[in-house]
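Report on one structure; see the data block that follows.
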Amino acid sequence: MEPARSKQQQGRQAPTRGEYFIPELCGPRPVLLMILLTELMVLVYTLASSSLPAFDWDMLAFGSLVSQWVVLGSAFFLCLSRGWLNRLSLPMASAACFGVVAVVTSVTSVAAIQLLPWLLGTVGDHAWWLLRNLLVACVLTGIVLRYFFLQQQLRLREQLELQARLDSLRARIRPHFLFNTLNSIASLIESHPGAAEQAVEDLAELFRASLKESQDDTCVADELRLCELYLGIEQLRLGERLGVEWQVEPAAREARMPSLVLQPLVENAVYHGIAQLPEGGRIRIEVRRQGERIHAVVENPVPQRIADSGGHQMGLSNVAQRLQAIFGADARLEVSPGEGMFRIELGYDPRQSP
């Protein structure tokens, strides 16, 4: 019970800590965004302080120079200390951020006074100007930190909602998978007890793999192993009526693939295709890598008249929803029923997320 309680305590403490509270600020896109936003604020301030006919270009130039120094300098030091800040509690991390910005603002303001004296004739007393800069920097820092915090909370909520959705979809797939597999084993008990025993062992291995936590990383090779185990059980029941053709590129085997994505498609091919044909048939399973995308195809013969099956459509719908939930709207699952043939193709980019 102690390990479980420890995990629960960690889960309760996680939101109060600064993990991922300060985003990565040193990438090209964040730096460009900071430069543009800073210049926009300086322009607004200059427009508010001077009329258009007598636009103060000196104020714009001086304000842009000092503001860019403060913003980029603060971002640089926050980026360097991000790993340390993320280990602090939220109040401590926020106080440290205020401290970093205050120090950078003070150093930048003093440097401007020393290096650019000809541009400081309109600022009045240097001490008051420095104090004003510190107050402005602290107010803007508070707004930005609040935005970062809300962004983190939104991201955490989206991750929790996505995880709950994926768990729900997985839970709906498993009973259908279990019942079909148990029916296959039941049909072997009287006629082939040895084969039924082997099928039970394969089923145990299947469920050890398929009941992993949904956040565990799995790959194409893991999903293919599930398909092999399931097909092995069905082959004991169907015998020579079930043939399998594998076309798997070695380069695709280590690519990311969620568990119970390909296996339900193979299960449908057996249950709604091969098992309905007196002469049986061959299932073709293809997995290939095309650029950065993974493509998988499951193709099987079907009777001329396919009985409508809600479970079949539910399984395909669940797979399509899981793909889009994990890899975004760019992931796809296409069903191509043909004359005596049924083809399902899925494609996604393993690097993508919604």
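Below, all heavy atoms of this structure are taken into account, side chains as well, without hydrogens, waters or symmetry copies.
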- Could Glu299 and Arg343 be called an ion pair, given the rule that one side-chain N must be under 4.0 Å from one carboxylate O? yes
- For Leu130 and Ser109, work out which heavy atoms get closest and say how close. CD1-CB, 3.4 Å
- Heavy atoms of Leu43 and Phe55 approach each other most closely as CD1-CZ, 4.1 Å
- Query: Without hydrogens or angle criteria, can the side chains of Asn133 and Thr105 be said to hold a donor-acceptor pair below 3.5 Å?
  - Reply: no
- Query: Above 12 or not: heavy atoms from other molecules or residues under 6.0 Å from CD of Glu201?
  - Reply: yes
- Exercise: identify the closest heavy-atom pair between Asp349 and Glu292: OD1-O, 3.6 Å
- Query: Any idea which heavy atoms bring Val71 and Met34 closest together, and the distance?
  - Reply: CG1-CB, 4.0 Å
- Message: I'd like to know if the side chain of Glu240 pairs up with that of Gln235 as donor and acceptor (distance under 3.5 Å, no hydrogens or angles considered).
- Response: no
- Message: Side chains of Val319 and Ile344, heavy atoms from C-beta outward: is any pair under 4.5 Å?
- Response: no
- Atom CE of Met341: over 12 foreign heavy atoms under 6.0 Å: yes
- Message: So which atom in Val261 and which in Leu265 form the shortest heavy-atom distance, rounded to 0.1 Å?
- Response: O-CG, 3.5 Å
- Message: Looking at Glu345 and Arg284, is there a salt bridge between them, counting it only when a charged N and a carboxylate O are closer than 4.0 Å?
- Response: no
- Message: With heavy-atom distances below 4.5 Å as the criterion, would you say the side chains of Asn300 and His272 are in contact?
- Response: no
- Should we count CZ of Phe98 as having more than 12 external heavy atoms under 6.0 Å? yes
- Task: Under the side-chain contact (heavy atoms from CB on, under 4.5 Å) rule, what do Asn268 and Val298 come out as? Steps first, then yes or no, please.
- Result: CA-CA 10 Å; Asn268 283 330; Val298 177; over 6 Å; no
- Message: So Trp246 and Leu224, do their side chains get closer than 4.5 Å, heavy atoms only?
- Response: yes
- Query: Taking Glu223 for the side chain and Gln263 for the main chain, is one N or O donor matched with an acceptor at less than 3.5 Å?
  - Reply: yes
- Identify the two heavy atoms, one from Glu39 and one from Ser64, that lie closest to each other, and give their separation to 0.1 Å. OE2-OG, 2.6 Å
